[in-house]
Every structure is written in structure tokens, then in C-alpha cells.
Number of protein chains: 2
Amino acid sequence: MPAPIPASSAGPAESVRRRAGRPTAAILDQEGITTAALKLISNKGYNGLTMAALARSLGVAPSALYNHVASKDDVLLLVEDHLAAMVDVSAFGVEPWDAAVRRWAWSYRDVFSEHTPLIPVIAVLPVADAPKTLAMYEAVTAGFRDAGFPDEMIISAIVALEAFVFGAAYDVNAPEDIFDAGSLAEQVPNLTAAVDRLAAEQHTRPTDVAFSLGLEALITGFGALRG
Amino acid sequence: MPAPIPASSAGPAESVRRRAGRPTAAILDQEGITTAALKLISNKGYNGLTMAALARSLGVAPSALYNHVASKDDVLLLVEDHLAAMVDVSAFGVEPWDAAVRRWAWSYRDVFSEHTPLIPVIAVLPVADAPKTLAMYEAVTAGFRDAGFPDEMIISAIVALEAFVFGAAYDVNAPEDIFDAGSLAEQVPNLTAAVDRLAAEQHTRPTDVAFSLGLEALITGFGALRG
DNA sequence: GATGTAAATGAATGCCATTCATTTACTGGT
DNA sequence: ACCAGTAAATGAATGGCATTCATTTACATC
């Protein structure tokens with residue numbers, strides 16, 4: 001019965017190396033993996049989210065993760081579903097339909113603008129694989145039904161709004177001068193004039209102006225088709 | 001003066017190995033790289049687009065590519081700009097504004113729905129780095145100006161339309177049954193009812209219905225703000 | 001004819017997700 | 001009390017990937 005090996009003096013981060021074999025208490029579960037991934041993303045960005053880094057932040061070997069997730073995409077799915085729960089659907093059934101859509105869409109965009117690498121995953125993800133995401137859709141759909149929209153147009157309207165939200169989430173991360181033509185400005189006079197004029201007028205973020213403009217158009221347009 | 005080594009008999013694909021050193025005539029240029037990349041993408045998809053595969057399809061060593069592009073992202077940028085030239089802006093200045101926007105947006109979505117991995121690149125790409133993309137924006141901007149839109153709203157309107165187009169491009173590639181809740185259907189009755197109703201009514205592709213719905217709302221909404 | 005630059009090869013580098021054999025712990029059945 | 005099966009960890013591969021660098025050769029210019 002050998003005495004436990006003392007920690008090698010360093011810090012709290014430097015833990016004793018675990019020997020091989022199943023530990024007495026499980027170290028990993030999907031929830032822990034999800035929150036560790038979120039912390040890693042928040043600290044190092046999506047480039048810093050590697051299976052090795054994730055394992056290290058959890059104090060395990062990389063291969064241990066595969067006892068709990070099938071792949072890195074699976075980790076992204078867990079993160080996505082966690083974020084979906086943060087989207088604000090609370091206004092549906094409480095505030096008028098247009099105000100609820102507005103709150104939902106702005107919140108949805110804001111949440112995912114920090115997580116654009118998830119968009120290619122979400123956009124083609126069957127909702128059955130993501131329960132919290134599914135709950136979000138249910139709330140939104142119910143809001144549309146209550147507001148008198150015909151069933152056969154609700155999904156299409158949500159899909160259209162969502163497409164706009166995803167695209168706008170990318171736009172939030174675009175550089176402010178993305179439309180500067182630089183040395184080619186003379187060759188694109190109309191674009192340059194419009195860009196200059198926008199810069200002169202605005203005080204709020206250009207990306208927010210564009211989002212508001214599009215969202216209000218969509219809300220108005222859909223509202224006109226309500227039953 | 002040794003005799004030239006005969007080709008190893010195989011086929012036209014099996015060429016003589018080039019010896020090291022600068023060849024008499026340059027083999028690579030950006031245009032060749034771009035068209036080879038497009039062919040590779042079309043045959044093998046974006047997963048098949050690796051620097052090694054690209055080099056092989058051009059009959060060179062991978063490192064040779066780096067004499068002509070700075071990185072793989074640079075290759076994607078070349079591909080993007082090539083595709084931008086395929087987007088139909090011909091209706092601007094010819095047809096009425098709303099019809100021109102409709103043609104542009106549908107064409108834009110159709111082109112990039114086959115190239116969604118480019119969207120994260122485009123969405124934050126300074127236009128000055130992509131001349132054909134820049135030309136597209138100039139044509140669209142000119143169309144808006146001719147139609148009487150105030151300069152300060154044109155960029156915002158284009159950004160909003162583009163966001164919708166990018167999001168919709170992803171949607172084209174989503175599985176048709178993406179909203180099926182599967183075993184969780186009982187827990188999301190509103191969503192399930194709306195999904196079922198849509199399936200019962202539609203004959204055109206759901207993704208096209210949603211795109212049309214959103215696009216018409218945007219066109220109507222923006223049109224109302226024209227000067 | 002020397003010198004610099006451009007365009008190729010080929011070998012290495014480092015990172016990455018993923019797999020597999022192995023070890024150890026717990027649980028349920030007999 | 002034993003045994004079998006399953007679950008969760010380690011640690012050592014594996015193969016693919018973009019990218020870099022030293023080297024070689026060709027061409028253009030002075």
C-alpha cells in the first residue's frame with residue numbers, strides 16, 4: 001500500500017498523472033464537455049477548440065473524449081444546442097407577434113454572431129438531434145399560430161427569417177470597411193458614393209442598421225400575409 | 001547529352017516526372033489554379049479540395065502552388081471571385097428594379113448553394129481583394145441608384161439581401177426532413193402540425209418556397225422606402 | 001559572363017482528428 | 001464468492017493536412 005505520490009509542487013493546474021484504467025468516479029460527461037468547450041471557445045476562439053485542447057482542459061487524454069462523443073462535430077452539436085437555449089423566445093405568447101419576432105431574431109443573431117463556425121453545422125442539422133433547438137422552434141411556431149398565420153406558411157417564414165439571421169450573424173464579424181474599394185475606387189463610382197454616404201450618415205453600427213432594415217421588411221411582409 | 005527518358009508506358013495521365021528546377025515554360029498561374037480547383041470541387045466536393053490534390057491535378061508538387069498563392073484561403077478567394085462573375089446582374093438598368101433584384105438574388109443563391117464552404121470566407125472578405133465581386137456590387141448599387149433609392153440606404157439594403165441569400169444557400173443543402181422531430185414529435189405539437197401541413201400543400205421545393213417568401217418580403221419592404 | 005529573380009522539386013515539420021490495444025473499475029448473475 | 005460483461009480511462013499509433021525550406025534550374029538584365 002504505497003503512499004500517494006505528492007503533486008509535483010507546481011500549481012493547482014498541475015495534477016497528479018492518472019494511471020490507466022477506469023477511474024473510481026467518472027470524470028467526463030456530455031455536460032462537462034459542453035461547458036469546457038464553451039470556455040475554450042470563449043478564451044481561444046474556434047481555432048483553439050481542438051480535441052487535444054479540450055481534453056487537456058478537462059484533465060484527460062484526448063481519446064477519453066470518444067467515450068462520450070462520436071466526433072468533434074458531435075461536440076459542436078452539443079455547443080449549438082446549449083446556445084439555442086439562450087435564444088430569447090420569451091416574448092412569444094406574451095407580446096404582440098411582431099415584437100416577439102423582433103426580440104427573437106435580434107437575440108438569435110447576437111448569440112450566433114459569436115459562434116459563426118457553428119452555422120454550417122446548424123443550418124443542415126436535423127432538429128431531432130438537438131432537443132433545446134427543437135424547443136426553440138416549437139415556441140416560435142406556437143407564436144406564429146397564435147398570431148393567426150396559416151399552418152402551411154409558418155415553416156417557410158421561420159426558415160426565411162432564420163436564413164436572414166444566419167447571414168447577418170456573419171456580417172457582424174465583417175470588418176467595418178469591407179466595402180472600401182481601395183485603389184479600385186474609380187472603377188466603382190456608384191458603390192463608392194453609396195459607401196461614403198452611409199459612413200457620413202450613420203452613428204449606430206452599420207451591421208445593425210442593415211439587420212434592422214431587413215428584419216423590419218420581413219416582419220412587415222409576413223404580417224401582411226397573416227390570416 | 002542523355003536521351004530523354006521515355007514515358008513509363010502508362011497513359012496520358014501518367015506523365016514523365018519533371019526534374020527539379022525551373023521549367024522552361026511556367027506550368028502554373030492563378031487562372032489555371034482556379035479552374036483546376038473548380039473542377040476538383042465539382043468532382044470531389046470541398047472535402048476533396050486539398051492542396052495536395054490540387055497540385056496533383058495540375059501535375060506539380062504541392063509546394064509549387066505557394067509560388068502563386070499565399071495559402072489555401074487564397075485559393076478559395078480565387079474560386080469565390082470566379083463564381084461572383086457568374087452571378088446574373090444583367091437585369092439591372094434593363095428591367096424594373098424589383099425584377100432585377102429578383103433575378104440577381106435567385107442567381108446569387110443558386111451559384112453559392114453549390115459552394116457553401118465559401119460563405120464564411122466571402123462574408124468577411126474585403127471587396128478590394130476580389131475584383132469580379134467588386135464589379136457585381138457596382139452593378140447592383142447602380143441599379144438601386146437608378147431606381148431612386150437614397151444613397152445612405154443602398155449599402156444596408158444590399159447587405160441585408162446578401163445576408164438572406166447566404167443563409168438561404170445553406171438551406172438549399174439541408175435535408176428535406178430537417179424539421180421532423182422524430183420520436184419527440186408529441187412534445188412539439190405546433191411545430192409538427194405546421195411541418196405536416198407544409199408537406200401536404202407543397203409541390204415545389206420547400207427551400208424555394210421559403211426563399212421566395214422572404215425575398216418578396218424584402219423587395220416589397222425596401223421598395224416602400226424608395227425616394 | 002555574372003547576378004538576381006522566378007518557378008519548380010523533395011524532404012521535413014507540426015498539428016489535427018481519430019482508432020486501437022490495454023488497463024482498471026463497477027455491476028449483475030449464478 | 002466468483003465470473004462475465006460493460007464502461008471509462010490511458011497511451012501509442014495512424015494518416016491526412018497545410019505549410020516551410022533548402023535546393024535546383026531557367027531566364028532576363030547589366
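So that the names make sense, note that chain A is the first sequence line, chain B the second, and so on, each numbered from 1.
- Residue order along DNA chain D, read from the 5' end via each residue's closest nucleotide, puts B:A52 first among B:A52 and B:A25.
- Atom CD1 of B:I33 is separated from atom NE2 of B:H68 by 6.0 Å, given to the nearest 0.5 angstrom.
- For B:F112 and B:Y108, the distance between ring centers is under 6.0 angstrom.
- Distance CD1 (B:I27) to C1' (D:dT24): 14 Å, rounded to an integer number of Å.
- The separation between B:Y46 atom OH and D:dC17 atom C1' is 18 Å, rounded to whole Å.
- One interatomic measurement links the two molecules: CG of B:L65 to C1' of C:dA6, which rounds to 15 Å at whole-angstrom precision.
- What separates CG of B:D74 from C1' of D:dT19 is a distance of 14 Å, to the nearest Å.
- For the pair A:L28 CG and D:dA8 C1', the interatomic distance rounds to 8 Å; values are reported in whole Å.
- Between A:D88 and A:R102 no salt bridge is recorded (no basic side-chain N to carboxylate O distance below 4.0 Å).
- As rounded to whole Å, 8 Å separates atom P of D:dC17 from atom NZ of B:K72.
- Contact between the side-chain N/O atoms of A:H68 and the OP1/OP2 oxygens of D:dA9 is found at a separation under 4.0 Å.
- Side-chain N/O atoms of A:N67 and base N/O atoms of D:dA7 include no donor-acceptor pair closer than 3.5 Å.
- Atom CZ in A:R56 sits about 17 Å away from atom C1' in D:dG11, given to the nearest Å.
- Nearest to the side chain of A:M51, among C:dA8, C:dA17, D:dT19, sits C:dA17.
- For B:E162 and B:Y137, the side-chain atoms include at least one donor-acceptor pair closer than 3.5 Å.
- The 5' end of DNA chain D is approached more closely, in terms of each residue's nearest nucleotide, by A:S63 than by the other of A:S63 and B:S63.
- Side-chain N/O atoms of B:R18 include one lying less than 4.0 angstrom from OP1 or OP2 on C:dT9.
- Backbone-only engagement by A:A26 is indicated by non-hydrogen atom pairs under 4.0 Å involving sugar-phosphate atoms exclusively.
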Exercise. Please lay out, stage by stage, how B:R18 and B:V60 fare under the test side-chain contact (heavy atoms from CB on, under 4.5 Å).
Key: CA-CA 8 Å; B:R18 203 179 1 260; B:V60 299; 3.8 Å; yes
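- One atom, OH of A:Y66, and another, P of D:dA8, lie 17 Å apart when rounded to the nearest Å.
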